[in-house]
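Okay, structure first, notes after.
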Amino acid sequence: MDQGGIIAPETRPSPWGIAAKPADQCSLAEVMSEELARELQLEEERHVFPEEALREDGPFLSADNIDTSSDEVLAQMLQTQFDKEYDAQLLREEKKFNGDSKVSISFENYRKVHPSEENDSSEDEVDWQDTRHDPYKAAKPVPIPKKGFVGKGKDITTKHDEVVCGRKNTARMENFTPEFQVGDGIFMDLKLSNQVFNALKQHSISEQRKSARLHDKKEVSTAEKVVDPKTRLLLYKMVNSGVLETINGCVSTGKESVVFHASGGSMEDQEIPAECALKVFKTTLNEFKNRDKYIKDDYRFKDRFSKLNPRKIIRMWAEKEMHNLKRMHKAGIPCPEVVLLKKHVLVMSFIGKDQLPAPTLKEAKLGLEESKQAYYQVLSMMKQLYDQCNLVHADLSEYNMMWHDGKVWLIDVSQSVEPTHPHGLEFLYRDCRNVSQFFQKAGVSETPHARELFNIVSGLNIASDNQVDFMAEIEALEKVNEDHVQMHGKKVSLYQKDDDGPPRIYDK
C-alpha cells in the first residue's frame, strides 16, 4: 500500500477468482520462421506414420507369444514386417523429395494398407462377391414335384401356373448370348409370359445368326478397294515367288472386280512387263447372280457351269477372260497381255504409264480427227473380234475402250461370248448401238446407225426399216441356231495350253 492507504491496482484481487495466466506472446518473425514450420510438419508426419511403424531398429516379430505352427500366420507376420519397412522407406523418400520446401507432397496414398485398417468402411457396405445371396443372380424357381403340382385344395399350384412360368422364363434369359442385352432386374420380381419369352428367344437367335453372317461376309468377301484374307495371301505368294516385285495400290474399281497396279518381277519361262495390272474378281455373289447368262449358255463352259458351286463360278469368270484375251492378242487386237492366272486373280500387262492408267474413250478429250481415227479402229476391231476370234464383246461401250499411244485398246472381256450363244446376236446389236451413239455424239459423220453397223460387223444382210422388225429377225436367227444345237448338238474342243485360236466346232 502507498501512504494514502490505497491498494495498488496490480495487487488488487480479481472478483472472478484466480486470474488466468497470460498466454505466451511471440513475435511475427518467430511465426514465420522455418524451424517452427519444420517442427509442425514433423508432428503431422508422426500422426500419419506411427512411431512404431518407423522404427528401423525396433524388435523383430518373434514367436514368443504367437503360435507360429501355421504357415499362414508366418506369412502374415512376414508381410506385416515388410509393410513396416516399406512405410519407413516411403517416409524417407517423402522427406528427401520435399526437403525444406514450404509446400510438401504427401505419399500417404502409397502406404501399405494393413488388415487392421480395412475395417474402417461402413457396416452398410456389402461385397456381393462374398455374399451367398447375390441380388444379380437369378432366383431359382421353386421346383415342382413329379406329381405336377404343390399344395392342396384351392392352393394347388401346377407347373403351368402363370407366376411360376413367368419367373422360370426370367431365369432362363440368362442363357441368351452375351451380346443380347437382357437388362438388370435386381430386386425386381420379374415374370415374363411365354409369348414374350419366345419372342425374345427368337430375336436373340436371329441376331446371333445375323452377326455370324456379317462376320463371315467380312472375312471371306472382297469389298471395294479391299481384299479378303485369302486373296491377300495369293498376292503375298506372287510377291514372294518373284512374279511381282511390289503391289502399289488400287487404280480402278467396278461392280465385278478391283484392279491394282503392280511392278513386274521375273519368271523363268515368261517375260513379265515392268508394269502389271492385277484384276481381282470380287468374291461377293451379288453382281454375278444376274450375269450367269453370259457363261451358263456359253458352250465352252456349259458342262462345267452346272457342276460348280456359286463361289467357284467366279474363278470361271477369271478363266474365261484369260482365254478371251489370249484369242484377241493372237489376232493382233490391242488388249492387255495375260501374264498369270491364280484362282480369281488375273495378272495382265498394264495399259498406261508410271502407275497412271490410260483414259477411257469417255474420259479422253479427242479432237475430231482423233475421233475419226478411233472410230475406224473400233470398227476394225469389232470385225476382227467377230470373224477371227469368233467372239462378241457383249459389253462394248466407251467405258471399256481405252485410248493409249494413239490407239484404242479393248478391256473387260470376261462376259464376251461366241456368236453361237443363244443371245450372241442380241449382244452384238447392243454393242453396235453403244458404239454408234458414242461416235455420233463425238461428231463423226461417217458413223452409221446401229442396224447398218450390225450388218457390217456380222456380215448378215438383215433388211428392216424399223428396230422392232430388226430385233424380231435377230431373235428368229437365234432360235434357228438354238434348235440346231439342240437337235445335232455342238461340241467344242477343249482349250489348248497356248489357246490356238477359237476352238473348232463340229456336229455329232
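Values below: all heavy atoms of this structure, side chains included; hydrogens, waters and symmetry mates excluded.
Within 6.0 Å of atom CZ in F197, more than 12 heavy atoms from other residues, nucleotides or ligands are found, so the atom counts as buried in its surroundings. Within 6.0 Å of the CD atom in Q270, the count of heavy atoms belonging to other residues, nucleotides or ligands exceeds 12.
A side-chain donor-acceptor contact under 3.5 Å links K320 to the backbone of S416. For D431 (side chain) and L396 (main-chain N/O), a donor-acceptor pair under 3.5 Å exists by modelled atom type. Side chain of S204 to backbone of L200: no donor-acceptor contact under 3.5 angstrom is found. A donor-acceptor contact shorter than 3.5 Å is absent between the side chain of R430 and the backbone of D395. H393 contributes a side-chain N or O that, together with a main-chain N or O of I411, makes up a donor-acceptor pair within less than 3.5 Å.
Looking at heavy atoms from C-beta onward, K230 lies out of side-chain contact with K343 at the 4.5 angstrom threshold. Within the 4.5 Å cutoff, no side-chain heavy atoms of V251 are placed close to those of F260. Using a 4.5 Å cut-off on side-chain heavy atoms (C-beta onward), K279 and L341 make no contact. Here the side chains of T360 and E363 are in contact, with some heavy-atom distance below 4.5 Å. Residues L90 and E94 fail the side-chain proximity criterion, which asks for heavy atoms closer than 4.5 Å. Side-chain contact between F281 and E321 is present, with at least one heavy-atom pair separated by less than 4.5 Å. Inter-residue side-chain proximity for L346 and V338 is flagged as met; some heavy-atom pair is nearer than 4.5 Å. Put simply, the side chain of S263 reaches to within 4.5 Å of the side chain of N248, judged on heavy atoms.
Ring-plane geometry between F107 and F97 is classed as tilted, the angle between the planes lying from 30 to 60 degrees on a 0 to 90 degree scale.
Put simply, NE2 on H329 and CG on L410 are 13.0 Å apart, with the number rounded to the nearest 0.5 Å. Distance CE/M238 to CG/N240: 11.5 Å, rounded to 0.5 Å. With rounding to the nearest 0.5 Å, the separation of CD in E85 from CG in D87 is 10.5 Å. To the nearest 0.5 angstrom, E108 atom CD is 11.0 Å from L91 atom CG. Interatomic distance, NZ of K342 versus CG of L235, reported as 12.5 Å (0.5 Å rounding).
What you find for M328 and V413 is that their closest heavy atoms are SD-CG1, 3.6 Å. Smallest separation of non-hydrogen atoms from L361 and L366: CD2-CD1, 4.0 Å. The nearest pair of heavy atoms linking E275 to H261 is OE2-NE2, 2.9 Å. Taking all atoms of both residues into account, the shortest heavy-atom contact from L234 to H344 is CD1-CE1, 4.1 Å. Across all their heavy atoms, G254 and K282 have their closest contact at O-NZ, 2.9 Å. Taking all atoms of both residues into account, the shortest heavy-atom contact from I105 to N98 is N-OD1, 2.7 Å.
Between the side chains of E93 and Q89, at least one donor N or O lies within less than 3.5 Å of an accepting N or O.
Each of V345, L244, V243 was compared with L340 under the side-chain contact (heavy atoms from CB on, under 4.5 Å) criterion, and only V243 meets it. The one candidate from V259, V339, I247 that meets the side-chain contact (heavy atoms from CB on, under 4.5 Å) condition with L278 is I247.
With sequence neighbours excluded, the residues satisfying side-chain contact (heavy atoms from CB on, under 4.5 Å) with E207 are H203.
Within the structure, side-chain hydrogen bond (donor to acceptor under 3.5 Å, both in side chains) pairs that include any residue of residues 192-201 comprise N169-N194 (at least two apart or interchain).
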